[in-house]
S.K.: 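Handing you this structure, nothing more for now.
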There are 2 protein chains.
Amino acid sequence: MIEVNAPVTMSDVARAAGVSTATVSRVVNGHYGVSARTVAQVRSAIEQLGYESSLVATSLRRSRTNVLGLVAHSFQSYTAEVLKGVMKALSRSGFDLIIYANSDLYGSYSEGWEQRHLTRLSGTLTDGCIVVTPWGDFRTRTPVVAIDPVRGSTAPSVISDNLTGATTAVEHLLGLGHRRIGFIAGRDSLASAWSREEGYRAALTAAGVPVDPTLIGRGDFNPESATPLARVLLQRPDPPSAIFAASDGMALKVLEVARELGFSVPGDLSVVGFDNIPESALTQPGLTTVDQSMYQLGYEAARMLKSLVTGEWDEPSQIVLPTSLVVRDSTAPPKSAARP
Amino acid sequence: MIEVNAPVTMSDVARAAGVSTATVSRVVNGHYGVSARTVAQVRSAIEQLGYESSLVATSLRRSRTNVLGLVAHSFQSYTAEVLKGVMKALSRSGFDLIIYANSDLYGSYSEGWEQRHLTRLSGTLTDGCIVVTPWGDFRTRTPVVAIDPVRGSTAPSVISDNLTGATTAVEHLLGLGHRRIGFIAGRDSLASAWSREEGYRAALTAAGVPVDPTLIGRGDFNPESATPLARVLLQRPDPPSAIFAASDGMALKVLEVARELGFSVPGDLSVVGFDNIPESALTQPGLTTVDQSMYQLGYEAARMLKSLVTGEWDEPSQIVLPTSLVVRDSTAPPKSAARP
DNA sequence: ACTGCAATCGTTATCGGTTACGTTTCCAGG
DNA sequence: CCTGGAAACGTAACCGATAACGATTGCAGT
């Protein structure tokens, strides 16, 4: 049954136990200076009334709350994976997690809200935050760890080795014989997008293949942003024989467009993604991609934040996680392996 | 740059603007009774100092916070889909969302924590909560909407038409000629699990096929719970020709086990799931399943909670959403269509 | 100039806890 | 019996904001 009114406060408990709220507080927090008899009385009163301390009131008065926050700008597969890693790291650690999501997911991308919510939370509700958004930096009074930070950020962060990953991916395509390789970039404010493009350029240059700017589409990591770009690339009179997309979400959209335009994959077109989200293993054909463990990203970020909060962090403030190429069915040698 | 210390409070603003905190509060909340000149002063002070009101302090004092909560016991695809629907419904509604996740995701399933967190949040931080957990009911002072509630719950809730959905699924298998149909049940505390099993039994009975208890495995909606059950069913000397799993997560595990044991799907074994999570469309073969829009579930729950909070709800307290069968590639007639 | 009513703004109690500090109780030691 | 000091507990200030209430001011009407 739901009882709509059950505002049991600490003073209710105090009254029931015949003591002051101060004593109840001491019992609840296991502080020193309460006789065993009184503790028992208070405990039983708490039990009877079903009292739980208010998170809000506690947060307001205390500096430490043992609650960490996660602020994300959207909830794609990427974020969900990160979330699992974070929860794993926090498991049995004594920290709880609050995820703050704004209600404008599909609305206007108001750049300011992360900062707004961060300041509203920090210093009160949460002891620290993990942010995973395409914007930054953030001013807070509590530690912040960024996952995939903006370019040039010096804040504590966790990031994949995007440069190596992207280089490997393009080298894989080059190794298959591809020379005209399209690229769909991510949101350029992010360090990851930048590094992945760097890797693309570096691999081409190292192989003596000139970088053709008209083969580069400017996406923003949002899957939908890739659709028109893929259409443009594939409807050219001279379409590329392979496309490297800076994220799996975008790569999957490339597959969609390819199917729609009658390209067979990997026959007519090879596609490589980046991220290795769960869907990439399941799609048909399986997507060749660069694995960055988003789970691990979340796990490390949470571990880092935890120690930052407790003040026992001594490792460098930027963690770089390795990536690895996962070859599936979306890549093959081009039909005409040789071309100027 | 991150400034670690920026505790700008309302009284800082008040001091800077040369007014009282009450006036600042009035300006912030757009209340009546402040001259245009004062508003301008306060606004500029807020701007200069970068002030944001503390969510916690506001929550403590106010009855309404315009923040809704979501309490979930795990974060599988199911929850992620629900989440998207919730966010969509809350988009541009003036409500923010806080997701409370305990850190024991993989640890002991301590049944009490949802109640604990619910009381810690309700009446202070949040105006109401959506709960999606296999336990209930909950005592709170603010409205609660349950998604897929426990059996016998009378609380406001949103649920799919599980009975019809399950019946249709089994009728589909019967129509293909299957007679030995296995079933992997969900957590029996949930109304949905109950209804789906009911549908399974009803369809069989209506077709004159006796229900064989040894063909029923007792899972709990957790994908992992299905693996050993599927193994048992398929390693029998007389395995069923089809398996209906009460959730897609479990059905996908059945596919995994089938592959492992050398069953071809749908050649040797037909598999049907329930939920239609995104993965089901991508897996190979595509999973035939009963579509319940988890997105819609979340959307409706949020819509309901919103009106409950504002006190303008007049529809029934239980919403039932339709389901529909999605036939993909995991079902086909059995090899020997006729059997006693 | 005087009254009266709005408009404007400050004072203060309050939300539910926490904690510094003060007070009382109790017992050991002199 | 008195004193000292630690243990046990209450008092009250405080965290940051809100809102009821009171006080002040300005201006119109007479």
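Just so we're clear, the structure is a prediction, and the values are computed from it rather than from any experiment.
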S.K.: Taking atom P of dT8(C) as reference, at what distance in whole Å does atom CZ of R26(B) sit?
M.R.: 11 Å
S.K.: Under 4.0 Å, heavy atoms only, any strand: does S54(B) hit a base, just the sugar-phosphate, or nothing?
M.R.: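 If one applies the 4.0 Å heavy-atom cut-off, S54(B) turns out to touch the sugar-phosphate alone, with no base involved.
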S.K.: With the side chain of N29(A) defined as its heavy atoms from C-beta on, choose the nearest nucleotide among dG16(C), dC21(D), dT18(C).
M.R.: dT18(C)
S.K.: Are Y32(A) and dC9(D) close enough that a side-chain N or O sits under 4.0 Å from OP1 or OP2?
M.R.: no
S.K.: Considering only dG17(C), dC9(D), dG10(C), which nucleotide approaches the side chain of R61(A) most closely?
M.R.: dG17(C)
S.K.: Counting only heavy atoms from other residues, nucleotides and ligands, does the tally under 6.0 Å from CD of E47(B) exceed 12?
M.R.: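 No, CD of E47(B) has 12 or fewer neighbouring heavy atoms, counting only those of other groups under 6.0 Å.
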S.K.: Could you tell me whether T58(B) contacts a base, only the sugar-phosphate backbone, or nothing, with contacts defined as non-hydrogen atoms closer than 4.0 Å?
M.R.: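 The residue T58(B) makes sugar-phosphate contact but no base contact.
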S.K.: Closest approach to the side chain of A57(A), judged atom by atom: which nucleotide of dG17(C), dA20(C), dC9(C) is it?
M.R.: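 Among the listed nucleotides, the one closest to the side chain of A57(A) is dG17(C).
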S.K.: To the side chain of L60(A), which of dC9(D), dC15(D), dA8(D) is closest?
M.R.: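 Nearest nucleotide to the side chain: dC15(D).
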S.K.: Quick one: is dT11(D) close enough that its OP1 or OP2 comes under 4.0 Å of any side-chain N or O from S20(A)?
M.R.: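 Result: no.
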S.K.: Considering only side-chain heavy atoms of A22(A), which listed nucleotide, dT11(D), dG16(C), dG10(C), is closest?
M.R.: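 The answer is dT11(D), which lies nearest to the side chain.
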S.K.: Under 4.0 Å: is that the gap between some side-chain N or O of S25(B) and OP1 or OP2 of dT18(D)?
M.R.: yes
S.K.: Select base, sugar-phosphate, or nothing to describe what S11(A) touches, counting heavy atoms under 4.0 Å on all strands.
M.R.: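 Since no nucleic acid heavy atom lies under 4.0 Å of S11(A), the category is nothing.
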S.K.: Please state whether the phosphate of dC9(D), meaning OP1 or OP2, lies under 4.0 angstrom from any side-chain nitrogen or oxygen of T38(A).
M.R.: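 Yes, T38(A) has a side-chain N/O under 4.0 Å of OP1/OP2 on dC9(D).
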S.K.: Please classify the nucleic acid contact of S53(B) as base, sugar-phosphate, or nothing, using heavy-atom distances under 4.0 Å.
M.R.: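 The residue S53(B) makes sugar-phosphate contact but no base contact.
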S.K.: Let me see the working for T126(B) and Y100(B) under side-chain contact (heavy atoms from CB on, under 4.5 Å), right down to the final yes or no.
M.R.: CA-CA 11 Å; T126(B) 58; Y100(B) 212 94; over 6 Å; no
S.K.: Is it the case that atom CZ in R64(B) sees more than 12 heavy atoms from other parts of the structure closer than 6.0 Å?
M.R.: yes
S.K.: Between SG of C129(A) and CD1 of I99(A), what distance do you get to the nearest 0.5 Å?
M.R.: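 Atom-to-atom, C129(A):SG and I99(A):CD1 are 11.5 Å apart.
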S.K.: Any donor-acceptor pair under 3.5 Å linking the side-chain atoms of S192(B) with those of D148(B)?
M.R.: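 Yes - a donor-acceptor pair under 3.5 Å links their side chains.
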S.K.: Give a yes/no answer on whether the side chain of S35(A) brings an N or O atom under 4.0 Å of OP1 or OP2 in dC9(D).
M.R.: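 Result: yes.
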S.K.: Give one of base, sugar-phosphate or nothing for V19(A), where a contact means two heavy atoms less than 4.0 Å apart.
M.R.: sugar-phosphate
